[in-house]
Amino acid sequence: MQHLRFARLLAIVCCFGLLVSCSSFNKLQKTGTDDQKYKAALQYYEKKDWYHAGLLFEELIPVLKGSTESEMAQFYYAYTQFRQQQYLLSSTLFKKFYETFARSEHAQEAMYMYAYSLYKDAPDYNLDQSNTLTATSALQDFINNYPDSQYRDDATKMILDLRQKLERKAYEKAKLYFKTSGFNIASYKSSVISINNFQRDFPDSQYNEELAFLKVDAEYSLAKNSLETKQKERYQETMNYYQGFIDRYPSSKYLKQAEKMFESSQKEIDRLTKLEKERAKEKQLQKQAPADRPGKVTAARQ
């Protein structure tokens, strides 16, 4: 019972303190001078009360233009939004800061925080990766502008992390084309193209062995489902992909499956080659047949 009473009393005290604090803050906003508000904003900032500090800095920025406090008010305001996880807004504010105060001692940090904010706002790999590309570009621009910065290593790590997102996104896209290929022959083509793009963009990826095999599988399936006139070329491409696959992954767990497709492709090429020769021979025989065969005799009308 005593614990319950103490908890109630504590809650009442907290509520009272909050009301007094809100009342004091509201009074400051309504009747305080710009100097008082600025000092209070700094105090809130030091206490890590990002919300109240942000409200005051936002209010002060328009009226502080041209003053010595203007630069720091904008810098701190950007940080209050970052600390509240408003990353898209903080990225805009930090970018505006280093563009406006290019000679400031805080310009380098602001440019880094602009890129860092974009990094924090980057979506998971399964969503649209436009923001990830923007963040990667911003981080690389920062490294290019400040190659000796204390933030360089962190920026490099973030770039690697973002590239892993892009890599996973590209991998899932390539696999999705392959999974849906059975429903649409165009997807076989898209799967091969997507895997080729992946191998070009991520040559050292852990997914390349699997995708190299899937490329053999996709091209083989494409050949099987193609018109006869295109089959030979596509079976040959399957064999080329197979050769590239075993050259790079001679001990792959997919080796036996790939070998079956290779052997089947070779047999199909032999069959199609034989069929082409037979048709060519038949065509040649038709050309060599006498052109002056006797025509059909018909009785003249009386």
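All of these numbers come straight from a predicted model, not from anything done at the bench.
Remark: Q85 CD is loosely packed, at most 12 non-hydrogen atoms of other residues, nucleotides or ligands lying under 6.0 Å away.
Not a single donor-acceptor pair under 3.5 Å links the side chain of S137 to the backbone N or O of L133. Judged by distance alone, the side chain of D121 and the main-chain N or O of S117 form no donor-acceptor pair under 3.5 Å. Not a single donor-acceptor pair under 3.5 Å links the side chain of D34 to the backbone N or O of L60. Under a 3.5 Å cut-off, the side chain of S90 and the backbone N or O of Y87 do form a donor-acceptor pair. D161 places no side-chain N or O within donor-acceptor distance of the main-chain N or O of K157, the cut-off being under 3.5 Å. The closest donor-acceptor contact from the side chain of S91 to the backbone of L88 lies under 3.5 Å. Within the 3.5 Å criterion, the main-chain N or O of D124 finds a donor-acceptor partner in the side chain of Q129. Side chain of S221 to main chain of D217: a donor-acceptor pair is present (N/O by atom type, distance under 3.5 Å, no hydrogens or angles). Between the side chain of S190 and the backbone N or O of S187, no donor-acceptor pair lies under 3.5 Å.
Here the shortest heavy-atom pairing between A135 and L162 reads CB-CD1, 3.7 Å. Here the closest heavy-atom approach between residue D49 and residue H52 is recorded as OD2-ND1, 2.9 Å. When all heavy atoms of K37 and L28 are compared, the closest pair comes out as CE-O, 3.3 Å. Closest approach of K65 to S70, counting heavy atoms only: CA-OG, 4.0 Å.
Ring geometry for Y76 versus Y45: interplanar angle of 30 to 60°, hence tilted.
By the rule that hydrophobic residues join a cluster once side-chain heavy atoms approach within less than 4.5 Å of another member, F101 and M113 end up as members of one cluster. Linking Ile, Leu, Val, Met, Phe, Trp and Tyr residues whenever their side-chain heavy atoms come within less than 4.5 Å leaves F25 and Y38 in two separate clusters.
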Test side-chain contact (heavy atoms from CB on, under 4.5 Å) on Y235 and K224 and set out the steps. CA-CA 8 Å; Y235 278 123; K224 281 202 306 181; 3.2 Å; yes
Could you go step by step and tell me if Y241 and F245 meet the ring-ring contact (aromatic ring centres under 6.0 Å, His included) rule? CA-CA 6 Å; Y241 288 153; F245 171 69; over 10 Å; no
Please assess E268 against R271 for the test salt bridge (Lys or Arg N to Asp or Glu O under 4.0 Å), listing each intermediate value before the final yes or no. CA-CA 5 Å; E268 286 300 307; R271 180 185 68 82; 2.8 Å; yes
Q108 and Y151: CA distance, side-chain angles, deciding distance, side-chain contact (heavy atoms from CB on, under 4.5 Å) verdict: CA-CA 9 Å; Q108 178 185 152; Y151 305 113; 4.1 Å; yes
Before you tell me yes or no, could you show the steps for K189 and R234 under side-chain contact (heavy atoms from CB on, under 4.5 Å), namely the whole-Å CA-CA distance, both residues' side-chain angles and the distance that decides it to 0.1 Å? CA-CA 11 Å; K189 298 178 183 178; R234 288 172 177 172; 3.7 Å; yes
Take L93 and F82 through the test side-chain contact (heavy atoms from CB on, under 4.5 Å) and record every step on the way to the result. CA-CA 10 Å; L93 294 171; F82 179 84; over 6 Å; no
Quick one, R168 with E172, criterion salt bridge (Lys or Arg N to Asp or Glu O under 4.0 Å). Give me CA distance, side-chain angles, the key distance, then yes/no. CA-CA 6 Å; R168 182 68 184 277; E172 295 294 345; 2.9 Å; yes
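Taking a cutoff of 4.0 Å between a charged side-chain nitrogen and a carboxylate oxygen, K39 and D35 qualify as a salt bridge. The existence of a salt bridge linking E233 and K230 is excluded, since no basic side-chain nitrogen approaches an acidic carboxylate oxygen closer than 4.0 Å. By the 4.0 Å N-to-carboxylate-O rule, K175 lies close enough to E210 to be salt-bridged with it.
The closest side-chain heavy-atom distance from S205 to F198 is below 4.5 Å. Contact annotation: the side chain of Y177 never approaches that of Y188 to less than 4.5 Å [non-hydrogen atoms, C-beta and beyond]. Counting heavy atoms from C-beta on, the side chains of Y44 and L55 never come closer than 4.5 Å.
Across Y77, Y79, Y112, a single residue satisfies ring-ring contact (aromatic ring centres under 6.0 Å, His included) together with F94, and that is Y79. Under the side-chain contact (heavy atoms from CB on, under 4.5 Å) rule, Y242 has a single partner from E219, E259, K215, E237, which is E259.
Between the CG atom in L64 and the CD atom in E59 there is a gap of 10.0 Å [rounded to 0.5 Å]. To the nearest 0.5 Å, atom CD of residue E71 and atom CZ of residue F97 are 4.5 Å apart.
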